[in-house]
Amino acid sequence: MDLIARLRAGLPGEAILTDPDVTGSYANDMASFCEAGTPAVVVLPRTVEEVQHVMRTATELRVPVVPQGARTGLSGAANASDGCIVLSLVKMDRIIEINPVDRIAVVEPGVINAVLSRAVNEHGLYYPPDPSSWEECSIGGNIGTASGGLCCVKYGVTAEYVLGLDVVLADGRLLTTGRRTAKGVAGYDLTRLFVGSEGSLGIVVRAVLALKPEPPQQLALAAEFPSTAAACQAVCEIMARGHAPSLLELMDRTSIRAVNDMAQMGLPDSTEALLLAAFDTPEPAADLAAVGKLCTAAGATEVVPAETAAESDLLLQARRLTLTALERVKSATMIDDVCVPRSRLAEMLDGTAAIAEKYGLTIGVCAHAGDGNTHPTVCFDAADPDESRRARESFDDIMALGLRLGGTITGEHGVGVLKKEWLARELGPVGVELQRGIKDVFDPLGILNPGKLF
């Protein structure tokens, strides 16, 4: 019995897509410079049992399986390999439970981040992880890549909120990890192991997520600086003085110019860096005033605090428009994701500017400054082979710079195809050997998302 016939034996007909024109549209995520193969079939299960059937079939026939969520990733982690089963989990999109007493939500992997966030808000609760693609990205994809977001400086990343998982293993067995309780330390932390594993260890089919009480509405300020060094000094002072902003974002000169060109935001041409801070504390105005003084002391030329939520949204609009604005600069972009210690943030931004000059490219940087996570965005003409080469080389130079500064090659986007060579450099040979050993325990046949991570 061939692959398609075997799959049909345990799946409804509408769950199996074989038309090459259709399956080809599932071949890749949003990353540049990442190879993608041609899938043999796309499967869209709705139940755990259907996922188990797919994995048993894949194991019996030795067929690779590439799990996918919304395909908003930026590292090629969801890219198909030749002859694979693409296992798209978008149809498993139920919010099974929201429990205000235990402060948990139980969800399937296809639930969209924003949908969950709004649903728990109705109960006076808050799910903090908020990737920029939160209106599109799925919880399963967030778990697979250990996603972050703008609020990570105060609330942490996805890994902090995953209490337990149901995972279908490579051979079709169902594993339950973790807990529903506020505390629990029984055995090895297998739950955390799956977070960020990019579908290489198993297929997440259900997640128990921790929730927090919904915080007060945040207020924001914008501070303009004559240099990135001054803005980064302000970041260091804000964190060193013990402030807990709910958002602390930075835009460099290139990003500011791109947003100004697109949206006529009216930021002065003399602004070399824009720092955005927000607080969701009981007295946010007082916190903003204190941070405003620190910004002024660090050299800010203008500090504009918001008095209302609507004013805050206007101040934060520039940050939200950054990627869209940079995408207008050239026909293609590569978004890096290098995280460095906060104390080295200025060196990271200045070093990136030097790399842009070296390669003759436009590279705009926005950053989750509060946690040192920078997003250098390389703008290039994909139709120009030489410019494409320079873009890729500059991307590598940025990662090398991050490692030299004591950082990591990815703070929230994952490794996928794009950065697997760099993962080996960061981990070292012993680290790679042990991680490959873990992979072999969970996936001895190597059929789960092959070619990713290592």
Side-chain angles (χ1 to χ4, degrees), residues 30-35 73-77 145-146 148 196 198 228-229 231-232 235-236 250-255 273 323 326 329-330 332-369 371-382 384-436 451-454:
M30 297 178 68
S32 300
F33 292 109
C34 292
E35 293 183 359
L74 294 165
S75 67
T145 56
E198 301 184 15
T228 53
C232 293
V235 171
C236 292
L250 188 148
M251 296 168 58
D252 74 343
R253 174 183 179 179
T254 301
S255 299
L323 179 56
L326 289 170
V329 174
K330 289 280 188 172
T333 57
M334 288 186 72
I335 305 173
D336 216 325
D337 171 39
V338 175
C339 192
V340 297
R342 297 184 195 100
S343 57
R344 311 298 296 273
L345 191 58
E347 294 170 81
M348 184 67 204
L349 268 68
D350 289 343
T352 300
I355 290 168
E357 183 175 355
K358 171 185 174 181
Y359 288 100
L361 295 168
T362 297
I363 304 178
V365 183
C366 58
H368 307 314
D371 52 27
N373 197 168
T374 67
H375 293 306
T377 301
V378 183
C379 306
F380 65 101
D381 182 355
D384 183 332
D386 181 66
E387 194 162 307
S388 296
R389 174 191 59 79
R390 286 183 280 127
R392 182 65 212 232
E393 290 179 5
S394 72
F395 190 87
D396 287 345
D397 279 9
I398 290 167
M399 283 190 285
L401 171 64
L403 290 180
R404 288 199 302 273
L405 295 176
T408 175
I409 60 168
T410 176
E412 57 188 9
H413 290 173
V415 176
V417 177
L418 190 61
K419 295 186 174 184
K420 63 181 185 178
E421 294 178 6
W422 284 94
L423 178 64
R425 300 190 196 191
E426 179 171 335
L427 295 180
V430 175
V432 170
E433 179 184 350
L434 290 173
Q435 296 215 11
R436 284 178 171 161
K452 316 295 167 50
L453 291 169
F454 308 109

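The structure displayed is predicted, hence computed values, not measured ones. Numbers for residues simply follow the sequence, beginning at 1.
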Between [X] and [Y], which heavy-atom pair has the shortest distance, and what is it?
| X | Y | result |
| --- | --- | --- |
| S343 | C236 | CA-SG, 4.1 Å |
| S388 | D381 | OG-O, 3.4 Å |
| C366 | S255 | N-OG, 4.1 Å |
| L250 | A231 | CD1-CB, 3.8 Å |

Gap between atom [atom2] of [Y] and atom [atom1] of [X] - 0.5 Å precision:
| X | Y | atom1 | atom2 | value |
| --- | --- | --- | --- | --- |
| L74 | L418 | CG | CG | 9.0 Å |
| M399 | T408 | CE | OG1 | 10.5 Å |
| D336 | N373 | CG | CG | 10.0 Å |
| M334 | T377 | CE | OG1 | 10.5 Å |
| L403 | R425 | CG | CZ | 8.5 Å |

Validation row: [X], [Y] side chains within 4.5 angstrom (heavy atoms):
| X | Y | result |
| --- | --- | --- |
| L401 | V338 | no |
| L345 | T374 | yes |
| F395 | P376 | no |
| V378 | I398 | yes |
| T333 | M30 | no |
| H375 | D337 | yes |
| H368 | E412 | yes |
| S75 | T410 | no |

*Before giving the answer on side chain to side chain contact (heavy atoms under 4.5 Å, CB included), spell out for T362 and K330 the whole-Å C-alpha distance, their side-chain angles and the decisive distance to 0.1 Å.*
CA-CA 9 Å; T362 297; K330 289 280 188 172; 5.6 Å; no
*Residue pairs passing the salt bridge (charged side-chain N to carboxylate O under 4.0 Å, His left out) test where at least one lies in residues 388-410, sequence neighbours excluded*: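 For residues 388-410, and leaving out neighbouring residues, the salt bridge (charged side-chain N to carboxylate O under 4.0 Å, His left out) pairs sorted by first residue read K358-D397, D386-R389, D386-R390, E387-R390, R389-E393, R392-D396.
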So does [Y] get a backbone contact from the side chain of [X], meaning a donor-acceptor N/O pair under 3.5 Å?
| X | Y | answer |
| --- | --- | --- |
| T228 | A346 | no |
| K452 | E198 | no |
| E426 | I409 | yes |
| D252 | G364 | no |

_Filter on ring-ring contact (aromatic ring centres under 6.0 Å, His included), then keep only pairs touching residues 337-357, sequence neighbours left out; what's left?_
none
*With sequence neighbours excluded, residues passing side chain to side chain contact (heavy atoms under 4.5 Å, CB included) with A332*: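 Result, side chain to side chain contact (heavy atoms under 4.5 Å, CB included) vs A332: F380, A382.
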